[in-house]
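Right, one structure below, let's go through it.
Every chain is numbered from 1, with letters handed out A, B, ... down the list of sequences.
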Protein chains: 2
Amino acid sequence: MASAHPSQSDLSPEDPRAPADATGAESPALLPPTPAFSPLYQQIKSLILRSLQAGEWKPGDMIPSEFDLAARFRVSQGTVRKAIDELATDNLLVRRQGKGTFVATHAEQHIQYRFLRVLPDASAPEAQVPAERRIIECRRLRGPAEVARQLDLKGGDSLVQVRRVLSFSGTPAILEDIWLPGAPFKGLSLETLSSDKGPMYALFEAQFGVRMVRATEKIKAVAADADAAALLGVEVGHPLLSVERLAYTYNDVPMELRRGLYRTETRHYHNELN
Amino acid sequence: MASAHPSQSDLSPEDPRAPADATGAESPALLPPTPAFSPLYQQIKSLILRSLQAGEWKPGDMIPSEFDLAARFRVSQGTVRKAIDELATDNLLVRRQGKGTFVATHAEQHIQYRFLRVLPDASAPEAQVPAERRIIECRRLRGPAEVARQLDLKGGDSLVQVRRVLSFSGTPAILEDIWLPGAPFKGLSLETLSSDKGPMYALFEAQFGVRMVRATEKIKAVAADADAAALLGVEVGHPLLSVERLAYTYNDVPMELRRGLYRTETRHYHNELN
DNA sequence: AAGTGGTCTAGACCACAAC
DNA sequence: TTGTGGTCTAGACCACTTG
């Protein structure tokens, strides 16, 4: 690269055109005061992201080395590095010194369910005994309006609903209702789910090519209704933690709505603030 | 700097000796497999951190420019930059392009209580009406053993306890009990607290030089007892969100234990997962 | 115009893993 | 030994803010 600083839109390596706005979650859609400047490494970042979405590299795969990518995009290694840095802090990529950079995966997330924030009260940080999972039902339906809205679907679109109970050492602890868009999850059945061991999100990756990337949660305290009380083994009215999660794939596309009811007599939802 | 890579412990700029282990939250205290290697920028990071703790730069102050710090520590600007980058993502420093780098502060945190994760259900991300605060009591006592333990105090040490209620548009919403170590907060009184407007953590900074840097929270669903029910205007047994927060200053020193009971009929605790 | 953070480059060398 | 990520440097130029 001849000039030290390719002053915007100098990018034309192997990909047709660089998007003016890279991150996608930035511009407030109202009169950008700056004419949409985005640094090179952001453009590289979104090119890499595009390859991830397109499935060029699959979860668990090693992506090309920093130097290879630098050559491919015709930028310096440091610029690629900064792009990868951000993708790594977003948990889309995982760096392993001496080995390479890999596409993150929910499988082999060595020790934990990526999005499950529950810990036993006597919190030895380990000792996280694996949960026993029991699928109660899995059915297809035309979804409730509110669910459809949150998943960016039309009112009449098909949905999959899954209900399951998680138990710790025999005692029921969490009741979950999960809604998924029908189209991407065609073929998901009670048998598939029941026979699977390992995180559900790992199954989504392997079977349906859907990778959950981030999520938001709304947490409330609610009273157990008759249904929940029966399934969780508590009295009606018992306080339960309601955790409503919206999980997203790449590009901020919502792909799962999940409502969990947690018994919190001997465990808690753990959160780190900074 | 003559050699391109000062191979460990070449650091002797204006500070006597660089600590072998920089971050403090890393080594498991058990047979370090590597002989405690820590990169230069980590050492710079902890030198800057030390200056922050020592009060060399106070909350809101501008710290020296990257080049000044580079000269002072006798490293390159890029190395200082990486150190500052990490401190900025930890929310200890705030970068402002064109102006400088500033010590973060809970005052003028333009729009939000830094650690309060509560949002109204109909979540227009703004419209966060300011809460009305009412201090119910502020007293000194010899602390309960469990509280003392979490604050790393002896059983007999003095504590300050504060109880207050937060309301939104006239309706009580949050009941908080706050425990603080007596020594650093000598002089804290009901009057001080009541006459203050603005975040409590801003007052802690300004009056007591204690800056809260991070926190952990344990969240549960509980039933309102008589006390809480009366103060929050709900019936006994009403489900409440219990949020137990341990807040830390620099160096992972716990400085506040806070237990909040939240009414969540029309609002929720919001969390982002990635 | 001067000062500060932000981006980008090119090249050197270190640490780690695998062959 | 080789390849990969990780650190460090020195220098250039861009973008933003202030006088």
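The CD atom of B:Q97 sits 14 Å away from the C1' atom of D:dT18 (whole-angstrom rounding). Atom CD of A:Q77 is separated from atom P of D:dG5 by 8 Å (rounded to the nearest Å). Residue B:F67 contributes atom CZ, which lies 11 Å from atom P of D:dA12 at whole-angstrom precision. Spacing between atom CZ of B:F73 and atom C1' of D:dC8 amounts to 16 Å, rounded to whole angstrom units. Atom pair B:L69:CG and D:dT9:P shows a separation of 14 Å (rounding to whole Å applied). Rounded to an integer number of Å, the gap from B:F102 CZ to C:dG5 C1' is 11 Å. Put simply, OH on B:Y41 is 13 Å from C1' on C:dA15, counting in whole angstrom units. In this entry the distance linking CZ of A:R74 with C1' of C:dT9 reads 15 Å, nearest Å.
Among C:dA17, D:dC8, C:dG6, the nucleotide with an atom closest to any side-chain atom of A:K99 is C:dA17. When distances run from any side-chain atom of B:R81 to the nucleotides D:dT9, C:dG5, D:dG6, the shortest one goes to C:dG5. Distances were taken from every side-chain heavy atom of B:S65 (C-beta onward) to each of C:dT4, D:dC8, D:dT4; the shortest belongs to C:dT4. Comparing D:dT7, D:dC8, C:dG6 by their closest approach to the side chain of B:R95 singles out C:dG6. Comparing atom distances between the A:L40 side chain and each of D:dT9, D:dG5, C:dT9 picks out C:dT9 as nearest. The nucleotide whose nearest atom lies closest to any side-chain atom of A:E66 is, among D:dC16, D:dA10, D:dG5, D:dG5. Distances were taken from every side-chain heavy atom of B:P39 (C-beta onward) to each of D:dG5, D:dT7, C:dG5; the shortest belongs to D:dT7.
Comparing A:K82 and B:G100 by the nucleotide of DNA chain C whose heavy atom lies nearest to each, the residue mapping closer to the 5' end is B:G100.
We find that B:R258 and B:E244 are not joined by a salt bridge, their nearest charged nitrogen and carboxylate oxygen being 4.0 Å or further apart. With respect to the salt-bridge test (charged N to carboxylate O, under 4.0 angstrom), the residues A:D252 and A:R214 qualify. Look at A:E272 and B:R117 and you find no salt bridge, because none of the NZ, NE, NH1 or NH2 atoms lies under 4.0 Å from a carboxylate O.
The shortest distance between the side-chain N/O atoms of A:T101 and the OP1/OP2 oxygens of D:dT4 is not below 4.0 Å. Between C:dT7 and A:T79, no contact under 4.0 Å exists linking OP1 or OP2 to a side-chain N or O.
B:E86 pairs in a salt bridge (charged side-chain N to carboxylate O under 4.0 Å, His left out) with only one of the listed residues (B:R81, B:K45, B:R95), which is B:K45.
Using bins of under 30°, 30° to 60° and over 60° for the plane-to-plane angle, the ring pair B:F185/B:F208 lands in the tilted bin.
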